[in-house]
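One structure below.
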Amino acid sequence: MRRPHLPARLPLDPYILALLATVGLAALLPARGPAATAADLASTAAVALLFFLYGARLSTREALDGLRHWRLHLTVLACTFVLFPLLGLAARGLVPGLLTAPLYGGLLFLCLVPSTVQSSIAFTSIARGNVPAAICAGSFSSLAGIVLTPLLAAALLGGDAGGFSLDSLLKITLQLLLPFLLGQALRPWAGGFLVRHKQVLGYVDRGSILLVVYAAFSAGVVAGIWHRVSLPRLAALMLVEAVLLAVMLLATWYGAARLGFGRADRIAIQFAGSKKSLAAGLPMASVLFGAHAALAVLPLMLFHQMQLMVCAVIARRRAQDPAPELAAERVADVSPALERPAPRAR
């Protein structure tokens with residue numbers, strides 16, 4: 001029996017290390033008083049900037065072109081915003097046995113976040129899947145998440161996420177939706193600048209998210225919420241998330257096969273439909289949860305690193321599979337030779 005191939009080094013995302021360092025800084029030197037007010041205002045501005053950049057980068061033409069593969073995109077959206085939330089609701093039975101109510105709230109919020117774009121594309125490419133479909137599926141998921149994630153959070157998390165109050169809807173509109181639409185409107189003029197300065201703007205993205213994390217975890221430290229989290233509870237959370245990821249990876253792979261998708265499309269569906277976006281989830285949590293955002297984003301941070309490590313192994317194993325189109329060509333080349341009669345012995 002062939003031994004499973006594992007990569008020489010599992011990917012520890014350097015950005016996760018930066019996030020953990022930011023959490024440590026917030027634990028040691030939390031923002032208090034006027035500094036906390038300044039951090040909160042800076043975090044609000046950073047969230048608006050992030051969603052402006054998301055809107056300015058998303059090509060409307062590419063999104064419309066991708067609609068031709070609508071069955072694949074609907075499948076990914078169903079996995080992201082239907083199956084994931086249903087599994088999150090089912091995990092409610094683990095409270096209070098394995099998870100505390102705040103950790104469960106964070107786990108459920110994780111299930112409502114849109115899919116990733118960059119890592120889904122990268123893993124689909126490594127596994128020789130349908131890369132254009134992965135690009136469009138990730139873009140559609142991010143776009144839908146601007147509206148669906150806050151609405152689902154308000155409906156399923158209730159008061160923990162602000163409910164359906166006018167204040168919460170105003171926050172969502174001003175901090176998330178309006179900057180995104182403004183970015184889309186200014187894309188014809190800002191698109192060239194964004195392409196030329198893509199690397200620099202990537203640092204702006206990540207720096208903004210680090211600022212959001214620092215403000216959220218500072219508020220959590222000042223409020224004393226960390227006294228409610230123990231190491232056994234964190235271990236239980238990681239176990240639950242490992243099961244959640246395994247279920248989604250199996251459901252997207254075998255479910256896509258039952259729906260009649262080919263190998264390349266199944267790969268795109270698996271990687272786009274089983275992942276969650278840290279970049280989109282963190283700023284959304286800061287808007288929806290306010291001072292309680294620290295515990296809300298902890299499950300998402302853990303799940304993000306877990307999905308990178310597991311999907312890296314899967315992508316590299318898929319890359320070793322013989323390409324179906326090459327196998328078909330070999331069969332076509334060999335078949336005529338099999339059909340010809342063998343030469344007679346002289």
Side-chain angles (χ1 to χ4, degrees), residues 1-2 4-5 63 65-93 107-108 110-117 119-145 148-149 152 156 240-277 303 306-331:
M1 183 174 62
R2 189 180 68 176
H5 174 76
D65 289 343
L67 284 174
R68 289 176 297 182
H69 213 348
W70 59 270
R71 286 184 65 247
L72 185 148
H73 303 316
L74 286 180
T75 302
V76 172
L77 290 175
C79 292
T80 304
F81 296 112
V82 178
L83 183 55
F84 250 119
L86 288 176
L87 292 175
L89 290 173
R92 182 66 178 85
L107 179 69
L108 182 54
L110 148 71
C111 294
L112 310 180
V113 171
S115 178
T116 62
V117 180
S119 58
S120 295
I121 296 170
F123 289 134
T124 300
S125 177
I126 292 171
R128 296 181 302 171
N130 189 338
V131 175
I135 294 173
C136 292
S139 299
F140 289 152
S141 180
S142 298
L143 180 60
L148 291 180
T149 297
L152 287 172
L156 300 181
V240 172
E241 290 191 340
V243 173
L244 175 64
L245 179 60
V247 170
M248 287 305 303
L249 287 170
L250 292 173
T252 50
W253 181 251
Y254 291 105
R258 292 292 299 270
L259 292 173
F261 289 100
R263 177 186 179 277
D265 289 343
R266 290 172 68 191
I267 289 173
I269 290 171
Q270 184 177 52
F271 289 127
S274 65
K275 306 251 278 300
K276 291 296 182 178
S277 173
F303 188 84
M306 188 182 298
Q307 72 185 9
L308 288 180
M309 298 173 69
V310 174
C311 289
V313 175
I314 293 175
R316 290 171 186 176
R317 291 198 63 184
R318 295 259 187 266
Q320 295 180 345
D321 295 339
E325 60 273 10
L326 295 180
E329 289 177 4
R330 293 192 188 103
V331 171

Between [atom1] on residue [X] and [atom2] on residue [Y], distance to nearest 0.5 Å:
| X | Y | atom1 | atom2 | result |
| --- | --- | --- | --- | --- |
| I267 | T124 | CD1 | OG1 | 7.5 Å |
| L77 | L83 | CG | CG | 13.0 Å |
| Q307 | I314 | CD | CD1 | 11.0 Å |
| L110 | S277 | CG | OG | 11.5 Å |

Residue list, side chain to side chain contact (heavy atoms under 4.5 Å, CB included) with A91, at least two apart or on another chain: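 By the side chain to side chain contact (heavy atoms under 4.5 Å, CB included) rule, A91 matches L94, Y104, L107.
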Closest contact, heavy atoms only, [X] versus [Y]:
| X | Y | answer |
| --- | --- | --- |
| S141 | P114 | O-CB, 3.3 Å |
| R128 | R318 | NH2-O, 3.9 Å |
| S115 | S142 | O-OG, 3.9 Å |
| H73 | C136 | CE1-CB, 3.4 Å |

Would you mind reporting whether [Y] and [X] have side-chain heavy atoms less than 4.5 Å apart?
| X | Y | value |
| --- | --- | --- |
| M306 | E241 | yes |
| L72 | F261 | yes |
| F84 | C79 | no |
| K276 | T80 | yes |
| F81 | T149 | yes |
| F123 | K275 | yes |

Measure from the side-chain N and O atoms of S125 to the backbone N and O of I121, and report whether any donor-acceptor pair falls under 3.5 Å.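 No.
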Enumerate, atom names and distances included, each donor-acceptor pair closer than 3.5 Å involving a side-chain atom of residues 244-260, sequence neighbours excluded.
| from | atom 1 | to | atom 2 | distance (Å) |
| --- | --- | --- | --- | --- |
| T252 | OG1 | M248 | O | 2.7 |
| T252 | OG1 | L249 | O | 3.1 |

Under the rule for side-chain hydrogen bond (donor to acceptor under 3.5 Å, both in side chains), what residues qualify as partners of T116, not counting sequence neighbours?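 S119, S120.
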